[in-house]
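Since the structure is predicted, the reported quantities are computational estimates derived from the model, not experimental observations.
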Amino acid sequence: MKNNSATPALVFLIADVALGVAFVLLPPVVMSFLVLLKDVFGVLILPFTFLFGLAGWSSDMSSLDSVMGGLAPSMLRHPFRAITAAALIAIGGLCSVLAFSSPRAAHMERIIAPILTVVAIGLAGLDVGVILLPALLLQLSALRYPEMDFFTRRK
């Protein structure tokens with residue numbers, strides 16, 4: 001059974017879930033890259049740092065440290081939490097897509113999807129929760145309207 005009126009809601013749900021996964025996984029990846037960059041530049045300028053230190057000048061990489069300090073410091077300390085939150089968001093989105101394919105039969109997927117999204121919001125934090133709020137609202141409304149057809153009247 002093809003339901004054309006539910007397709008925009010499903011596309012929006014998938015896009016919001018993908019955006020949520022990107023927002024959860026991007027800070028640890030960027031922070032890891034900056035840590036690697038700092039280590040590489042630290043090794044490259046080590047002889048010059050030693051020579052400038054002998055001359056009485058002090059040089060450090062404070063600009064790179066300030067950039068790294070401004071980017072989600074908690075996610076670098078807890079990469080397992082970020083990976084778990086991203087996996088829960090993705091599995092919740094997959095459950096929503098599976099529930100859309102058979103709206104009358106997939107009761108368990110419709111119940112599990114918002115639960116996984118709420119747990120992922122708890123793990124990732126409120127900033128990701130604001131991004132995932134539309135997906136959560138769509139998943140909760142899919143409990144009441146399994147066909148995800150929000151614009152037609154019921155008889």
Seminar exercise, completed: Separation between SG (C95) and CD1 (I115), nearest 0.5 Å, reads 10.0 Å
Problem set entry | Sub-4.5 Å side-chain heavy-atom contact between I121 and V128 | no
Problem set entry | Within one Ile-Leu-Val-Met-Phe-Trp-Tyr cluster: L136 and I131, side-chain cutoff 4.5 Å | no
For this session: If you link ILVMFWY side chains whenever their heavy atoms are less than 4.5 Å apart, which other residues fall into the same cluster as L137? By chain and number, please.
Result: L133
What pairs of donor and acceptor atoms, side-chain ones from residues 82-91 against any protein atom, are under 3.5 angstrom apart with sequence neighbours left out?
{"unit_1": "T84", "atom_1": "OG1", "unit_2": "F80", "atom_2": "O", "d": "2.7"}

Problem set entry | Connected via hydrophobic side-chain network under 4.5 Å: L132 and I111 | yes
For this session: Using a cut-off of 6.0 Å, state whether more than 12 heavy atoms not belonging to L126 lie near its atom CG.
Result: no
Problem set entry | Shortest non-hydrogen contact from E109 toward A99 | CB-CB, 4.0 Å
Problem set entry | L143 vs P114 side-chain heavy atoms within contact, under 4.5 Å | yes
Problem set entry | side chain to side chain donor-acceptor pair (under 3.5 Å) partners of residues 113-129, not counting sequence neighbours, each pair once | T117-Q139
Could you pull out every donor-acceptor pair under 3.5 Å between side chains of residues 10-30 and any protein atom, sequence neighbours left out?
{"unit_1": "D16", "atom_1": "OD2", "unit_2": "A135", "atom_2": "N", "d": "2.8"}

For this session: List in chain and number order the residues that pass side chain to side chain contact (heavy atoms under 4.5 Å, CB included) with L94, two or more places apart in sequence or in another chain; answer none if no residue qualifies.
Result: L98
